[in-house]
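This report concerns only the one structure given below.
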Protein chains: 2
Amino acid sequence: MKIDIDGIQAFVLVAELGGFHQAAEKLHISQTALSRRVQKLERYLGLKLLDRTTRSVALTSVGRDFFPRALRLVDDLSGSIARLQDMSRASSGDVVVACVPTMAYQQLPGVIRAYAARYPANRVRVLDRSGVQIVDAVRSGEAELGIGLKLARNPDLVEQTILRDPFVLYCHKDHPASRRAALSWKALAEFDLIAISGTSVNRALLDHRLQRHGIALRGRFEVEHPSTAISLVAAGVGAAVLPAATLLRGSFPDVRRVTLEHPLISRTIVQFVKRGVTLSPAAEAFHALLRRTIVSAGAGGIDGRRASRDLVVSRKRPDDRD
Amino acid sequence: MKIDIDGIQAFVLVAELGGFHQAAEKLHISQTALSRRVQKLERYLGLKLLDRTTRSVALTSVGRDFFPRALRLVDDLSGSIARLQDMSRASSGDVVVACVPTMAYQQLPGVIRAYAARYPANRVRVLDRSGVQIVDAVRSGEAELGIGLKLARNPDLVEQTILRDPFVLYCHKDHPASRRAALSWKALAEFDLIAISGTSVNRALLDHRLQRHGIALRGRFEVEHPSTAISLVAAGVGAAVLPAATLLRGSFPDVRRVTLEHPLISRTIVQFVKRGVTLSPAAEAFHALLRRTIVSAGAGGIDGRRASRDLVVSRKRPDDRD
DNA sequence: CTATTTTCATGCGTCGTGTGCATCAATCCG
DNA sequence: CGGATTGATGCACACGACGCATGAAAATAG
């Protein structure tokens with residue numbers, strides 16, 4: 001019932017090299033051992049595969065029949081094995097990351113660029129979805145890594161903070177607030193604010209936090225997507241309270257960022273994986289890279305690289321479903 | 001450098017059955033051993049293939065990747081092995097037999113019929129060639145078995161007599177010789193004989209043997225092929241000296257066979273194989289069957305069965321290149 | 001909420017099997 | 001005819017795989 005792959009490999013090598021000695025050398029075993037391997041295989045099969053005179057070796061008709069198949073088997077096998085070992089050694093393979101759109105469009109491209117530079121053979125697939133869908137994707141195994149807002153305690157996920165993204169005020173450089181280094185939330189009352197509509201998770205989070213401090217934001221304008229809000233800000237319509245990471249440095253020269261304090265409110269971006277699952281080497285490498293990259297970039301977010309800027313301006317439907 | 005097929009099989013089974021216990025049972029080993037096999041494979045690959053909680057087993061992403069390939073490998077392997085074992089157990093496989101035309105058309109069909117009945121799955125290929133080509137075919141391995149005239153001592157072939165085919169006189173039932181049970185060669189002088197042309201190996205053999213007894217055959221008519229000679233005999237033209245096996249019993253009702261003696265001269269048909277080579281089980285079975293069949297049929301040859309008769313009358317170019 | 005059962009991992013002693021060394025038998029070559 | 005090469009065999013040994021007993025963790029039952 002037991003398959004003798006050593007015997008088959010031995011047979012193949014002897015047949016290929018036309019002798020036990022050469023084959024034994026190639027396998028780094030003694031001729032004795034090799035001889036017995038073939039004997040064992042033949043005994044097991046009940047067939048003679050090789051006709052051996054004391055001087056030379058020749059395939060029997062059965063052996064001739066078996067040889068090509070045996071060769072393919074051995075090759076397939078060692079090929080697959082080699083590929084797997086390589087996968088482990090070089091952290092190669094494919095990665096699927098589920099990510100909220102904001103991050104996917106603004107922070108992630110830089111990380112992916114670094115990852116691609118380091119692991120040129122690896123492919124990365126990004127699922128840009130909304131928060132719950134990301135969790136589902138990770139839970140189901142569709143994605144190995146998830147990136148999104150810090151969630152309610154989730155026992156079957158293991159999360160790790162990669163970014164604390166403070167809510168700030170974005171305003172035009174001519175806006176009165178632009179001269180201030182920081183503002184308190186209360187002070188916002190005097191400005192016309194552009195608000196994100198209540199369906200946004202960001203907005204919900206913000207309201208919830210502010211509520212604990214007895215503060216309620218009132219928007220004069222309301223839009224659905226942060227990028228729309230930014231556009232309005234750039235046009236001088238008003239100021240907008242948004243996560244800092246919404247705007248990549250440099251993309252809107254006329255827009256200024258003003259810190260909002262008392263209290264400092266941040267949304268926390270985390271990466272998470274399913275508890276108990278082992279990441280593929282490729283995903284593991286991505287995970288590590290993401291952690292290091294974001295941490296070193298600090299809470300202000302990564303600088304917008306050209307790649308990410310391009311992505312941002314070409315966005316078809318920028319939204320904040322996270 | 002060593003491939004761990006047991007580990008792969010273990011992995012496949014655990015993944016298929018979703019647990020170590022079930023898999024261990026199926027492999028008839030303890031759960032302990034199975035557990036260690038998978039561990040060893042993983043250590044060897046440097047990868048985790050299975051995420052095992054103490055309660056259940058799940059594939060890692062790498063494992064999911066590897067599983068289909070592993071499955072195919074194991075299946076291919078055990079499939080090939082099984083086929084080979086079957087080949088040995090059931091003497092299955094293909095046979096190539098090189099055979100002189102006379103035998104191929106007259107004696108062999110019966111043997112093949114018996115062989116086909118006994119080994120329904122096996123295919124038989126007959127190379128009907130002349131004497132030297134048969135030897136070459138066996139030498140080169142193109143055919144495993146050769147059937148032909150006994151040859152000059154051939155050190156690299158092993159031969160075995162399967163038929164002694166005496167030269168006899170074939171004559172029409174109205175021919176004066178037909179009433180005799182036997183004739184001496186000398187007595188032939190008084191008859192008009194149909195001779196086979198000198199290029200025939202049979203004729204050469206015959207002349208050579210007769211020469212030692214100071215006898216020379218003189219033909220009034222000369223043809224090239226035995227079957228033509230038979231036709232002439234049937235037409236009452238004359239009598240012909242031919243190997244007994246040339247005519248299958250019953251195919252020419254009006255033709256009689258008369259034994260020729262003083263001396264009895266036979267050609268010897270042998271089957272031979274290359275020295276030192278191991279026959280495939282299929283060929284081995286054919287070899288054994290051929291020996292038993294012919295021996296039991298005796299020197300007179302096998303009765304013509306319908307199959308062989310049909311073959312004979314439909315022959316496009318009956319000759320005696322043997 | 002504890003007890004039981006199930007499931008996978010681990011420590012340990014044992015046995016099997018594959019291995020190498022030395023040697024033999026047969027063939028090739030000078 | 002003798003040395004060299006090639007594959008097979010006898011023998012002793014050691015590594016490794018195995019099973020048993022046990023442990024840890026988690027699902028299930030009462």
Side-chain angles (χ1 to χ4, degrees), chain A residues 1-45 47-60 63 74 154-158 274-278, chain B residues 1-45 47-60 63 155-158 274-278:
Chain A
M1 199 57 202
K2 209 170 164 186
I3 309 174
D4 181 9
I5 191 68
D6 286 348
I8 296 179
Q9 195 188 26
F11 161 67
V12 166
L13 230 56
V14 172
E16 269 184 336
L17 302 178
F20 280 70
H21 267 100
Q22 299 91 312
E25 206 166 319
K26 200 154 194 171
L27 282 174
H28 308 293
I29 59 174
S30 70
Q31 169 265 322
T32 310
L34 182 61
S35 187
R36 277 202 258 262
R37 279 193 189 176
V38 177
Q39 285 173 10
K40 190 190 167 197
L41 176 66
E42 288 181 331
R43 210 170 341 112
Y44 171 64
L45 293 175
L47 291 167
K48 284 200 64 180
L49 296 171
L50 296 169
D51 276 320
R52 341 202 226 300
T53 69
T54 54
R55 196 69 195 160
S56 67
V57 180
L59 286 163
T60 65
V74 172
N154 231 323
D156 60 342
L157 298 179
V158 182
K274 209 161 120 187
R275 183 178 299 278
V277 310
T278 306
Chain B
M1 197 59 202
K2 208 170 163 186
I3 309 172
D4 181 9
I5 192 69
D6 285 347
I8 295 179
Q9 195 188 25
F11 160 67
V12 166
L13 231 55
V14 171
E16 269 184 337
L17 303 178
F20 281 69
H21 264 102
Q22 300 90 314
E25 207 166 318
K26 201 154 193 171
L27 281 174
H28 308 294
I29 59 174
S30 72
Q31 169 266 322
T32 309
L34 182 61
S35 187
R36 277 202 257 262
R37 280 192 189 177
V38 177
Q39 285 173 15
K40 189 188 166 200
L41 176 66
E42 288 181 331
R43 209 168 344 110
Y44 172 63
L45 292 176
L47 291 167
K48 284 201 64 179
L49 297 172
L50 296 169
D51 276 320
R52 342 204 226 298
T53 69
T54 52
R55 196 65 194 161
S56 68
V57 180
L59 287 165
T60 65
D156 59 341
L157 297 179
V158 182
K274 209 159 118 189
R275 182 179 302 277
V277 311
T278 306

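Letters go in sequence order (proteins before strands), and every chain restarts at 1. Remember, predicted model here, so these are calculated numbers, not experimental data.
- Between the side chains of D51(A) and T278(B), at least one donor-acceptor pair of N or O atoms lies under 3.5 Å.
- Residue R36(B) places none of its side-chain N or O atoms closer than 4.0 Å to OP1 or OP2 of dT10(C).
- The side chain of S35(B) places an N or O atom within less than 4.0 Å of a non-bridging phosphate oxygen (OP1 or OP2) of dA9(C).
- Looking at heavy atoms from C-beta onward, L50(A) lies in side-chain contact with E42(A) at the 4.5 angstrom threshold.
- A heavy-atom distance below 4.5 Å is found between the side chains of L34(A) and V14(A).
- Residue contacts for Q31(B): at a heavy-atom cut-off of 4.0 Å it reaches a base atom on one of the strands shown.
- Atom CZ in F20(A) sits about 17 Å away from atom C1' in dG20(C), given to the nearest Å.
- For the pair L50(B) CG and dT7(C) P, the interatomic distance rounds to 16 Å; values are reported in whole Å.
- If you check every strand for non-hydrogen atoms under 4.0 Å, R37(B) touches sugar and phosphate atoms only.
- Under a cut-off of 6.0 angstrom, the local environment of CD in Q22(B) is crowded, with over 12 non-hydrogen atoms contributed by other residues, nucleotides or ligands.
- For D4(A), the salt bridge (Lys or Arg N to Asp or Glu O under 4.0 Å) test picks out no residue, with sequence neighbours left out.
- When side chains are defined from C-beta on, E25(B) does not count as touching L17(B), because their heavy atoms never get closer than 4.5 Å.
- Rounded to whole angstrom, the span from the NE2 atom of H21(B) across to the C1' atom of dT5(C) amounts to 11 Å.
- D4(A) places its CG atom 8 Å from the P atom of dG18(C), with the value rounded to the nearest Å.
- The side-chain heavy atoms of T32(A) and S35(A), taken from C-beta on, include no pair separated by under 4.5 Å.
- E16(A) has no carboxylate O lying under 4.0 Å from a charged side-chain N of K26(A), or vice versa, which leaves the two without a salt bridge.
- Spacing between atom CD of E25(B) and atom C1' of dC8(C) amounts to 16 Å, rounded to whole angstrom units.
- Annotation: side chain of R37(A) is not in contact with side chain of K40(A) (no heavy-atom distance under 4.5 Å).
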Whether each nucleotide of nucleotides 25-30 of chain C has a protein heavy atom under 4.0 Å at its base (B), only at its sugar-phosphate (S) or at neither (-) is summarised, 5' to 3', as -BBS--

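- Comparing T32(B) and K40(B) along DNA chain D, the residue whose closest nucleotide (by nearest heavy atom) sits nearer the 5' end is K40(B).
- Nucleotide dT17(C) holds its C1' atom 14 Å from the CD atom of Q39(A), rounded to whole Å.
- You can see that DNA chain D meets the heavy atoms of chain A within a 4.0 Å-exclusive cut from dT5(D) to dC11(D), reading 5' to 3'.
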